[in-house]
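One structure below.
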2 protein chains.
Amino acid sequence: MKIDPKSPADLSAQIAKAIRDAIMSGDLLVDERLPSEAELADQFNVSRPTVREALKRLGAQSLIRTQRGATGGAFVNRLRFEDAYGQQITTSTLLLSMNDVSFAVACEARYALERACAPLAAARRSADHLATMRAEAHRQSQPGLTDEAFCASDVAFHRALVDAAGNPVISYQLAGAVEAMQPLMNMITFTARSRERIVQLHSRIADGLENHDAEAVDITLAELASYTNELAQAVIDARAAARDAQ
Amino acid sequence: MKIDPKSPADLSAQIAKAIRDAIMSGDLLVDERLPSEAELADQFNVSRPTVREALKRLGAQSLIRTQRGATGGAFVNRLRFEDAYGQQITTSTLLLSMNDVSFAVACEARYALERACAPLAAARRSADHLATMRAEAHRQSQPGLTDEAFCASDVAFHRALVDAAGNPVISYQLAGAVEAMQPLMNMITFTARSRERIVQLHSRIADGLENHDAEAVDITLAELASYTNELAQAVIDARAAARDAQ
DNA sequence: CAATTTTCATTTGTCAGACAATTAAATGTA
DNA sequence: TACATTTAATTGTCTGACAAATGAAAATTG
């Protein structure tokens, strides 16, 4: 693990990269303890604050964890799917909001990927996943629900659908696509009528999964995708009209 | 933006969270300048090194960028898809290697998600994407190619396929799934025979896209998935046999 | 006056040294 | 042996300082 002392700026970034590479290449194994901050400072010929900045960078990516005390130090972290979800969702959400991704594009991505889960989910869905989906669909039919709570429940429903595929890699990859849609969905006002329609489609999806009927699920997802797009388009059109009238 | 001074540990994490929340909620806009480190230290009642650790955390997630000099400082970064790819790939790769994800599970995820792109890619593929795929397929048929180079070309081929769907959100989400497979693929020894088969399938995929034939692409991807699994299974079986013989 | 150079203030990057808080192991004690 | 105490190692934080970069303002020059 070496850094280039000639390029003086961003020493902490270089150190972080060196350690990250060591982790990625397998030079540092899971749960292995890194040298103490003082030792690292010696090795890299930098000061302890600089080492600490590097370690914080790695900590932000969940690549290491630190522990105080006599036997403490920085340890290579076993990156868990659950830990990675949060970052994935944060990043996806910001990507959508900062790059002016249209509702249509985000929606297309979400449903295209979700439909990829349909066959697996239909084959493997557990009673648990089904129960979650039914419960969320029921919650969505409650009259007093705010739009925001409705959206949150919608996300929970779709995450259960994704998780039903029983493949942690898929669940991880799709967490971002599903959750990042929530801010976009929040711009929609869900009337009683549209909620009813959505709940109906959700129920049909749950039915399809219960009957191991992948095709039914796929078709219903396609319907849901186009209906969601319709709703969003209505909002967009209404806003455009309001702006023109002004 | 407030932090809790009572819980003394991990002040820098709290500060990072406060700023991250401000970015996510829209309180801080893209390209907006944060207060200087000294000002932040005052505001949060901590020292400058602590503030710096927090900023490095945010920098590691590409949420901010910093600039030296008179008008420098930390700025809210416009998170670009290209910037996010790297992190996505790093995280996905580590997730697979650290959680003992089997080849079969990773492969299933990759092809399930790729097949979701098939209809979109068939409809929208540009000449550029096709050319990339043809070129990679041709490279894969070169005799002298190392297994590693073959895998790298395979990844490039599949990324072009994903990008052909013309949806940046999908490209981003799938970057991880596609690239993280490479270390797993690298354990396979690709014989001339198997390479020939794979190149053939790749060519069929390119043909399908050229003809806007989504179904052909889908079917070929399914074949490729099962063939890849076969190859991996053979490696796994051979290793098990070698271990038993020992 | 305009163009160029110089100076300067601001800000991040880095360093050195210090102390507090935490924690497990070593040590002492009943 | 069981329990309390001490100790050493380590991270977390602070203070103060200087270096390096950089744009803006001031001074200089044609």
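Throughout, protein chains are lettered first and strands after them, A, B, ... in sequence-line order, and every chain is numbered starting at 1. What you see is a predicted model, and the numbers here were worked out from it, not measured in a lab. Hydrogens, waters and symmetry mates are skipped; everything else that's a heavy atom, side chains included, is used.
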(request) Report which part of the nucleic acid R65(B) touches: base, sugar-phosphate, or nothing (heavy-atom distance under 4.0 Å, all strands). (result) nothing

Could you go over nucleotides 17-19 of chain C and give all protein N or O partners under 3.5 Å, atom names and distances?
| from | atom 1 | to | atom 2 | distance (Å) |
| --- | --- | --- | --- | --- |
| dA18(C) | N6 | R48(A) | NH2 | 3.3 |

(request) State, with a plain yes or no, whether a side-chain heavy atom of I23(A) is found less than 4.5 Å away from one of I64(A). (result) yes

(request) In plain terms, say whether R78(A) and E32(A) are close enough for a salt bridge, that is, a side-chain N and a carboxylate O under 4.0 Å apart. (result) no

(message) For F190(A) and F150(A), take the angle between the two ring planes, folded into 0 to 90°, and tell me which bin it lands in: parallel under 30, tilted 30 to 60, perpendicular over 60.
(response) tilted

(request) Would you mind reading off the distance between I15(B) atom CD1 and dC14(D) atom C1', rounded to a whole angstrom? (result) 13 Å

(request) State whether R65(B) and D31(B) are salt-bridged, where the test is any N-O pair (Lys NZ or Arg NE/NH1/NH2 against Asp/Glu carboxylate O) under 4.0 Å. (result) yes

(request) Take atom CG of D42(B) and atom P of dC14(D), then tell me their distance rounded to the nearest Å. (result) 12 Å

(request) May I ask you to say whether R134(A) pairs ionically with D128(A), meaning some side-chain N is under 4.0 Å from a carboxylate O? (result) no

(request) Find the distance R52(A):CZ to dA16(C):P and express it as a whole number of Å. (result) 16 Å

(message) Can you work out whether T50(B) or R33(A) has the more 5'-proximal nearest nucleotide on DNA chain D?
(response) R33(A)

(message) Rounded to whole Å, how long is the line connecting atom CG of L40(B) with atom P of dG13(C)?
(response) 13 Å

(request) Ignoring backbone atoms, test whether T66(A) places a side-chain nitrogen or oxygen under 4.0 Å from the OP1 or OP2 oxygen of dG12(D). (result) yes

(request) In whole angstrom, give the distance that lies between atom CD1 of I64(B) and atom P of dT12(C). (result) 10 Å

Side chains of residues 47-54 of chain A: which donor-acceptor partners sit under 3.5 Å, not counting sequence neighbours?
| from | atom 1 | to | atom 2 | distance (Å) |
| --- | --- | --- | --- | --- |
| S47(A) | OG | T50(A) | OG1 | 3.2 |
| R48(A) | NH1 | E37(A) | OE1 | 2.4 |
| R52(A) | NE | E53(B) | OE2 | 2.7 |
| R52(A) | NH1 | E37(A) | OE1 | 3.4 |
| R52(A) | NH1 | E37(A) | OE2 | 2.9 |
| R52(A) | NH2 | E53(B) | OE1 | 3.3 |
| R52(A) | NH2 | E53(B) | OE2 | 3.4 |
| E53(A) | OE1 | R52(B) | NH2 | 3.3 |
| E53(A) | OE2 | R52(B) | NE | 2.7 |
| E53(A) | OE2 | R52(B) | NH2 | 3.3 |

(request) Quick one: closest heavy-atom pair of A16(B) and R57(B), and the distance? (result) CB-CD, 3.9 Å

Could you run down the sub-3.5 Å N/O contacts of the protein with nucleotides 22-25 of chain D?
| from | atom 1 | to | atom 2 | distance (Å) |
| --- | --- | --- | --- | --- |
| dT22(D) | O2 | A70(B) | N | 2.9 |

(request) Pick out which of Q142(B), E148(B), Q140(B) makes a side chain to side chain donor-acceptor pair (under 3.5 Å) with S153(B). (result) Q140(B)

(request) Measure from CG on L11(B) to P on dA21(C) and round the result to the nearest Å. (result) 12 Å

(message) Does atom CZ (R80(B)) have a neighbourhood of more than 12 heavy atoms from anything else shown, all under 6.0 Å?
(response) no

(request) Identify which nucleotide among dG12(D), dA16(C), dT15(D) has an atom closest to any side-chain atom of S47(A), counting heavy atoms from C-beta outward. (result) dA16(C)

(message) Distance check needed: dT11(C) P versus L55(B) CG, whole Å only.
(response) 14 Å

(message) Could you tell me how far apart N45(B) (CG) and dC14(D) (C1') are, to the nearest whole angstrom?
(response) 12 Å

